[in-house]
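First up is the structure itself, then whatever we jot down about it.
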Amino acid sequence: MQAVLQIVIMGIRGLMSFVEDHSNEFFTDLKLRDTKIVIDGYALFHRLCFNSNLELRYGGDYDSFADVAQKFFESLFACNICPYVVLDGGCDISDKKLKTLKDRAREKIQMAHSLSVGGGGYVCPLLIREVFIQVLVKLQVCFVQCFSEADRDIMTLANHWNCPVLSSDSDFCIFDLKTGFCPLNSFQWRNVNTVKGTQDCYIPAKCFSLDALCHHFSNMNKALLPLFAVLCGNDHINLPIIETFLSKVRLPLGATGSKGRRHHRVWGLLNWLSHFADPTEALDNVLEYLPKKDRENVKEILCCSMEEYKQSQVKLQDFFQYGTYACPAALNLDLPEWVLVALAKGQLSPFISDALVLRRTILHTQVENMQQPNAHRVSLPIRQIIYGLLLNASPHLENMSWNALPSQPLAFSEMERINKNIKTSIVNAVELSKDHSDLSKLTELSLAKRQILLLDTLKVKRTILESIPSSLKLPISVSCYWLQHTESKAKLHHLQALLLGMLMGPLHAIITSPDKEDLREDGARMLYEEFQRVKEQTRPGTRLDLDTAHIFCQWQCCLQMGMYLNQLLSTPLPEPDLTRLYSGSLVHGLCQQLLTSTSVESLLSMCPEAKQLYEHLFNATRSYAPAELFLPKGKSNSKKRRQKKHSTSWSKNRVGTTSDTRCLYEGSNRFGLLMVENLEEQIEVSELE
């Protein structure tokens, strides 16, 4: 597990495993309670996702993840630990981590492919960050989203408050933290203990001691550690010429054996650097091993990279105390104030700041069919509208170095999966009307205008949402968009399973509300428990249906970009509760059952409220679905096939009998379905009215 997290959260190569191999020397045991703690949000949600026995193949069991995250914070609350979560924002404007980002994207593709064919791997579901933020909001956990990378801001805040940092990033072994760094893998939040003779609770943890590390290496100067980090190799620097230095310098040999060989570079560099008084002397010595023509350039790069370990100018304590976030890098860009505030509050995604500042975005790979075009292709028209809204954000951005194509003023670049590799594609933004062309005034548009732009982008009429609960209006609008796109080859059972999965939130609300009548609660509880059984049965050793997985990945891509556009327009539709909107194991399991052994009607017969809601959801989406979606199994569009009698046996997921050709598909008008004879007349049209 730790090796996996080091791939996801790299930091300094080999350092974390080195210090953990010397745990007795470099760590002290803590009984953590009654304190503030600054948490690296990116590291935490990865840790909870990968270390909680969650299913990762089906696109995310977000309800299970949300439950784990909630339990984590409840453990902190029980010990009177006050968490402050700090999330990374967009990519740094200098783009110094671009190579690292590309390397990780390639690794993620390989792991996603492995998962898709039954192997191992660790890939965060697409919406995990958004779900994590919703859990923070629900639990009223204080959090901030930095403008770019958060490490220095985390260090500065922790030192201001004199409290520890919780992370998995080995960069925190380099920062000079007053109260130390607690690695997540030794933070035993599931094992809350009680102080003997009291009712006070604590969490057993280990705290890394920078002083102990320096003492181990001849009391070396702490100021040398940033140089060690950049020479050893971190996320910010990848200089091939450093290998020239390492090949020429005679690093002291460490311990023999497999661990000693594995950590030879870490141990050798620390030992070598410990002989110098300060970074200036050490750096001059490094440069002596390099060709004279390269020295000045290398010195500038190394010094710049070492700056990443100095205190940040951002004062996050002001954000947590007064709600003000001032980041010099962001302020220099002269972005609209409302955008900066929304980014800091996590109300806009880092995807938006990347598009805004760099005109480049990263489309994250899911566990999808690698033989097909990546699942994000289906949501391209939504992204083009987002890019259009961001075109004229600030005059300072027009002269940025990335704007090297003056002949393509609408161009944005996207890092996406092509087969099993990464490629950068150029996409043009959609030019919008004057009303929408000034980002600074976007929030001043009326709710009606913002809603029209959102629904027009999703190709949905507002009237179809009238019977839909407010929390599901956006997911249903997105589902209508998804059904209209030919890239999505959704079948009826996919749509049915998706809509059934959306009932989990309302069912959970009925069960947990004290105001509901017992009779109503009983039916909801029975259906909820049935869905939980389906979900659990899907997990152990079930083969992944790649086509189904790809179709639901496409839906998630549409939902993701639909949410980002909705957020950018200041939520003209309510933001959905993602924690119980989509559970991959449940939806995949329902697909299998609908094809083989059950029906929508029989599932919902135990809960009239859920049945009625499903009818509304289905009626809203069906008019946007291609007619082929409702064909009995085995039918085709050919005239010859359409002239055949209705002798095809209907699969069991289609409720009703086949003895009457006028029987209703699914056996009920309440499910908004068409009669077979009407269906035959409409086969020629591409979309049901």
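Here, residue 1 is the first one in the sequence, and each next residue gets the next number.
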From the list Gln366, His113, Glu368, His364, side-chain hydrogen bond (donor to acceptor under 3.5 Å, both in side chains) partner of Arg417 resolves to Glu368
- For the residue pair Ser583 and Tyr58, confirm or rule out a side-chain donor-acceptor distance under 3.5 Å. no
> In terms of heavy-atom contacts, does CZ of Arg462 have more than 12 from other residues, nucleotides or ligands at under 6.0 Å?
Replying inline: no
Distance only, no hydrogens: is a donor on one side chain within 3.5 Å (strictly under) of an acceptor on the other, for Ser623 and Lys461?
no
Evaluate the salt bridge (Lys or Arg N to Asp or Glu O under 4.0 Å) criterion for residues Arg533 and Glu530: first the C-alpha distance (whole Å), next the side-chain angles of each, then the deciding distance (0.1 Å), finally the verdict. CA-CA 5 Å; Arg533 278 193 290 273; Glu530 176 60 28; 2.9 Å; yes
Are Trp189 and Leu48 close enough that some pair of their side-chain heavy atoms sits under 4.5 Å apart? yes
Between Asp61 and Gly584 the two heavy atoms that sit nearest each other are OD1-N, 3.2 Å
Subject >> Main-chain N/O of Cys49 paired to Ser52 side chain as donor or acceptor, under 3.5 Å >> reply: no
- [ ] Flag the pair Tyr582 / Trp555 as yes when their ring centroid distance falls below 6.0 Å, and as no otherwise.
- [x] yes
Here the pair of heavy atoms bringing Val85 nearest to Gly41 is CG1-CA, 3.7 Å
Quiz prompt | Distance-only side-chain donor-acceptor flag, Arg104 / Thr100, under 3.5 Å | solution = no
Smallest heavy-atom separation, Val587 atom then Gly501 atom, equals CG2-CA, 4.4 Å
- Go through the side-chain N and O atoms of Tyr614 and Glu609 and say whether any donor and acceptor fall under 3.5 Å apart. no
Problem - Side-chain donor-acceptor pair present, Ser602, Ser605, cut-off under 3.5 Å - result: no
- Query: Do Glu130 and Tyr62 meet the criterion of a side-chain donor-acceptor pair at a distance under 3.5 Å?
  - Reply: no
Under 4.0 Å between a Lys/Arg side-chain N and an Asp/Glu carboxylate O for Arg580 and Asp67? yes
Taking every heavy atom of Ala524 against every heavy atom of Ile510, the minimum-distance pair comes out as CB-CG2, 3.6 Å
| query | Looking only at side chains, do Glu575 and Gln567 share a donor and an acceptor under 3.5 Å apart? | reply | yes
Next item on the list: State, yes or no, whether a side-chain contact exists between Arg360 and Phe412 at a heavy-atom distance under 4.5 Å.
Entry: no
All heavy atoms of Gly589 vs all of Val534, minimum pair found to be C-CG1, 3.6 Å
Salt bridge check: are Asp103 and Arg106 linked by an N-O gap of less than 4.0 Å?
yes
Taking the side chain as everything from C-beta on, heavy atoms only, tell me whether Leu590 gets closer than 4.5 Å to Leu603.
yes
### Task
Side-chain contact test, heavy atoms from C-beta onward, threshold under 4.5 Å: evaluate it for Asp456 versus Ile385 and give yes or no.
no
Exercise for review: Could you tell me whether Arg377 and Glu416 make a salt bridge, using a distance below 4.0 angstrom between a side-chain N and a carboxylate O?
Suggested key: yes
Answer yes or no: is there a side-chain heavy-atom contact under 4.5 Å between Met415 and Leu363?
-> no
Is the ring pair Phe132/Phe73 parallel, tilted or perpendicular, if the boundaries are 30 and 60 degrees? tilted
Checklist entry - Hey, is the main chain of Cys480 close enough, under 3.5 Å, to the side chain of Gln484 for a donor-acceptor pair? => result yes
| field | Short side-chain donor-acceptor distance under 3.5 Å, Gln70 and Lys138 | value | yes
Closest heavy-atom pair, Gln145 versus Asp88, reported as atoms and distance to 0.1 Å, is CG-O, 3.8 Å
Quick one, Leu389 with Leu453, criterion side chain to side chain contact (heavy atoms under 4.5 Å, CB included). Give me CA distance, side-chain angles, the key distance, then yes/no.
CA-CA 11 Å; Leu389 290 167; Leu453 177 58; 4.0 Å; yes
Problem - Salt bridge present between Lys491 and Glu628 (N-O < 4.0 angstrom) - result: no
Tested for side chain to side chain contact (heavy atoms under 4.5 Å, CB included) against Leu617, the lone hit among Leu498, Ile468, Leu495 is Ile468
Exercise for the section: Could you tell me whether His46 and Tyr122 have their ring centroids closer than 6.0 angstrom? Expected result: no
field: NZ/NE/NH1/NH2 to OD/OE distance under 4.0 Å, Asp354 and Arg359
entry: no
Margin query: When you compare the side chains of Thr571 and Asn566, does any donor N or O come within less than 3.5 Å of an acceptor on the partner?
Written below: no
Query raised in the report: His588 and Thr548: side-chain donor and acceptor closer than 3.5 Å?
Result: no
query: Do you see a donor-acceptor pair shorter than 3.5 Å between the side chains of Thr538 and Arg57?
result: no
